Amino acid sequence: MDDKTAEFSTPFERLQAWLAEAEQTEPNDPTAVALATCTLGGFPSLRMVLMKGCDESGIVFYTNLESRKGRELAENPNAAMLFHWKSLRRQVRIEGAVEPVSSQEADNYFASRPRSSRIGAWASKQSREMAGRFEFEAAIAQYTAKFGVGDVPRPDCWSGFRLKPAYFEFWRDRKFRLHERVTFARQQQGKLWTVSELYP
Ligand SMILES: Cc1cc2nc3c(=O)[nH]c(=O)nc-3n(C[C@H](O)[C@H](O)[C@H](O)COP(=O)(O)O)c2cc1C
């Protein structure tokens with residue numbers, strides 16, 4: 001229990017420390033995180049996204065709001081995330097409800113993306129069926145021509161969410177599968193966390 005409470009007073013500090021280590025050791029995408037959403041009818045779905053912000057206010061990712069995940073989060077904001085860093089033999093589970101980021105925050109992040117990615121956000125009807133790759137390439141050509149050398153604004157259907165964690169579990173590999181599991185459960189929407197350990 002070396003870093004259960006003494007070294008990290010909040011789960012965010014611990015997550016940031018583990019992320020910093022993963023940045024040194026992972027071959028690519030240390031911020032890649034699996035995101036689980038769920039329909040109101042109880043059918044879950046799962047995919048990877050890139051985490052673009054992590055502090056006490058929550059964990060931010062960006063996507064197309066009309067995608068499957070976007071539609072599921074619109075009907076049910078409860079979500080779960082899972083980081084797994086093979087190089088560190090660690091995982092972090094996070095659960096909570098999402099909130100949309102502000103338009104200003106989404107604009108700022110969108111503006112930081114490469115121009116081709118911004119055009120791609122206009123051309124991709126994410127998660128909807130396309131007749132073929134040619135249809136997508138035609139849309140990319142159309143938006144490339146439309147925006148010319150001018151600014152590429154953020155499409156209304158492209159924005160971000162902030163997952164507000166209510167629960168974290170930090171899992172760390174130990175010899176003979178005697179792993180370490182430390183959980184942080186938020187106390188009634190407050191800033192205090194109940195720290196526990198689980199059997200592996
Ligand atoms: C490593 C990795 C990172 C990804 N990051 C994102 C992301 O940040 N946002 C996003 O919308 N899709 C991202 N994707 C694609 C999604 O996994 C997924 O294919 C897409 O968002 C459509 O998901 P949906 O149909 O469930 O909405 C990423 C995929 C991988 C493998």
Side-chain angles (χ1 to χ4, degrees), residues 12 15-16 18-55 57-137 139-140 143 152-165 171:
F12 294 99
L15 177 59
Q16 282 160 350
W18 281 24
L19 275 163
E21 281 184 72
E23 271 161 28
Q24 304 301 317
T25 57
E26 283 292 286
N28 56 48
D29 291 337
T31 61
V33 59
L35 169 75
T37 56
C38 194
T39 64
L40 274 183
F43 290 94
S45 68
L46 184 64
R47 80 291 292 156
M48 301 301 293
V49 294
L50 293 177
M51 188 209 71
K52 293 294 174 184
C54 168
D55 60 25
S57 69
I59 296 165
V60 175
F61 60 94
Y62 289 91
T63 194
N64 185 310
L65 304 179
E66 295 167 2
S67 64
R68 178 172 177 185
K69 74 182 90 49
R71 284 181 274 119
E72 291 184 2
L73 289 170
E75 67 178 59
N76 177 4
N78 295 317
M81 285 180 160
L82 177 76
F83 289 96
H84 176 219
W85 300 291
K86 284 190 173 214
S87 60
L88 295 175
R89 296 175 187 272
R90 292 179 188 175
Q91 76 173 351
V92 181
R93 295 164 64 167
I94 306 170
E95 295 163 21
V98 299
E99 292 177 355
V101 302
S102 69
S103 302
Q104 187 62 58
E105 192 173 352
D107 285 345
N108 291 347
Y109 174 66
F110 191 75
S112 76
R113 303 178 83 214
R115 186 177 183 82
S116 297
S117 306
R118 283 181 276 152
I119 288 174
W122 281 91
S124 173
K125 300 176 192 161
Q126 192 180 56
S127 309
R128 280 144 293 172
E129 191 173 345
M130 64 180 178
R133 192 83 191 170
F134 68 91
E135 194 177 75
F136 185 33
E137 284 167 5
I140 293 169
Y143 284 109
V152 181
R154 177 176 61 86
D156 286 342
C157 66
W158 195 98
S159 190
F161 292 97
R162 175 172 278 103
L163 187 143
K164 315 279 283 184
W171 184 103

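First listed ligand is number 1; within each ligand, the first listed atom is number 1. Just so you know, these numbers come straight off a predicted model, no measurement behind them.
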Angle between ring planes, W122 versus Y143, binned at 30° and 60°: parallel, tilted or perpendicular? tilted
Report, in ascending order of atom number, the atoms of ligand 1 lying under 4.0 Å from any heavy atom of T63. 10 (C), 11 (O)
Within the structure, does R68 bring an N/O atom to less than 3.5 angstrom of an N/O atom in ligand 1? yes
With distance as the sole criterion, is a donor-acceptor pair present between the side chains of T37 and R47 under 3.5 Å? yes
If you have a sec, work out which protein heavy atom is nearest atom 8 (O) of ligand 1 and how many Å separate them, to one decimal? L50 N, 3.0 Å
Do any non-hydrogen protein atoms sit less than 4.0 Å from atom 19 (O) of ligand 1? no
With a 4.5 Å limit on heavy-atom distance, are the side chains of C157 and Q126 in contact? no
Look at atom 6 (C) of ligand 1 and say which protein heavy atom is nearest, naming residue and atom and giving the distance to 0.1 Å. V49 CA, 3.4 Å
Using distance alone, determine whether M48 and ligand 1 share an N or O pair under 3.5 Å. yes
F161 and K69: side chain to side chain contact (heavy atoms under 4.5 Å, CB included), yes or no, with the steps? CA-CA 11 Å; F161 292 97; K69 74 182 90 49; 5.9 Å; no
Looking only at protein heavy atoms, what sits closest to atom 26 (O) of ligand 1 is R47 NE, 2.7 Å
Min heavy-atom dist Y62 to ligand 1 below 4.0 Å: yes
Does a sphere of radius 6.0 Å around NZ in K125 hold more than 12 heavy atoms from other residues, nucleotides or ligands, not counting ones at 6.0 Å or beyond? no
Atoms of ligand 1 less than 4.0 Å from S67 heavy atoms? 27 (O)
Among protein heavy atoms, which lies nearest atom 24 (P) of ligand 1, and at what distance? S127 OG, 3.4 Å
Atoms of ligand 1 close to K69 [distance to a heavy atom under 4.0 angstrom, numbered from 1]: 11 (O), 20 (C), 21 (O), 22 (C), 23 (O), 24 (P), 26 (O), 27 (O)
Among all protein heavy atoms, pick the one closest to atom 12 (N) of ligand 1 and tell me residue, atom and distance. Q126 NE2, 3.8 Å
For residues D55 and Q16, determine if any side-chain heavy atom of one lies less than 4.5 Å from a side-chain heavy atom of the other. yes
Under 4.5 Å between any side-chain heavy atoms of F61 and V33, yes or no? no
Which atoms of ligand 1 sit under 4.0 Å from any heavy atom of D29? 1 (C)
Derivation of the side chain to side chain contact (heavy atoms under 4.5 Å, CB included) call for R113 and W158: CA-CA 13 Å; R113 303 178 83 214; W158 195 98; 3.5 Å; yes
For a quick check under 3.5 Å, do N108 and Q104 share a side-chain donor-acceptor pair by atom type? yes
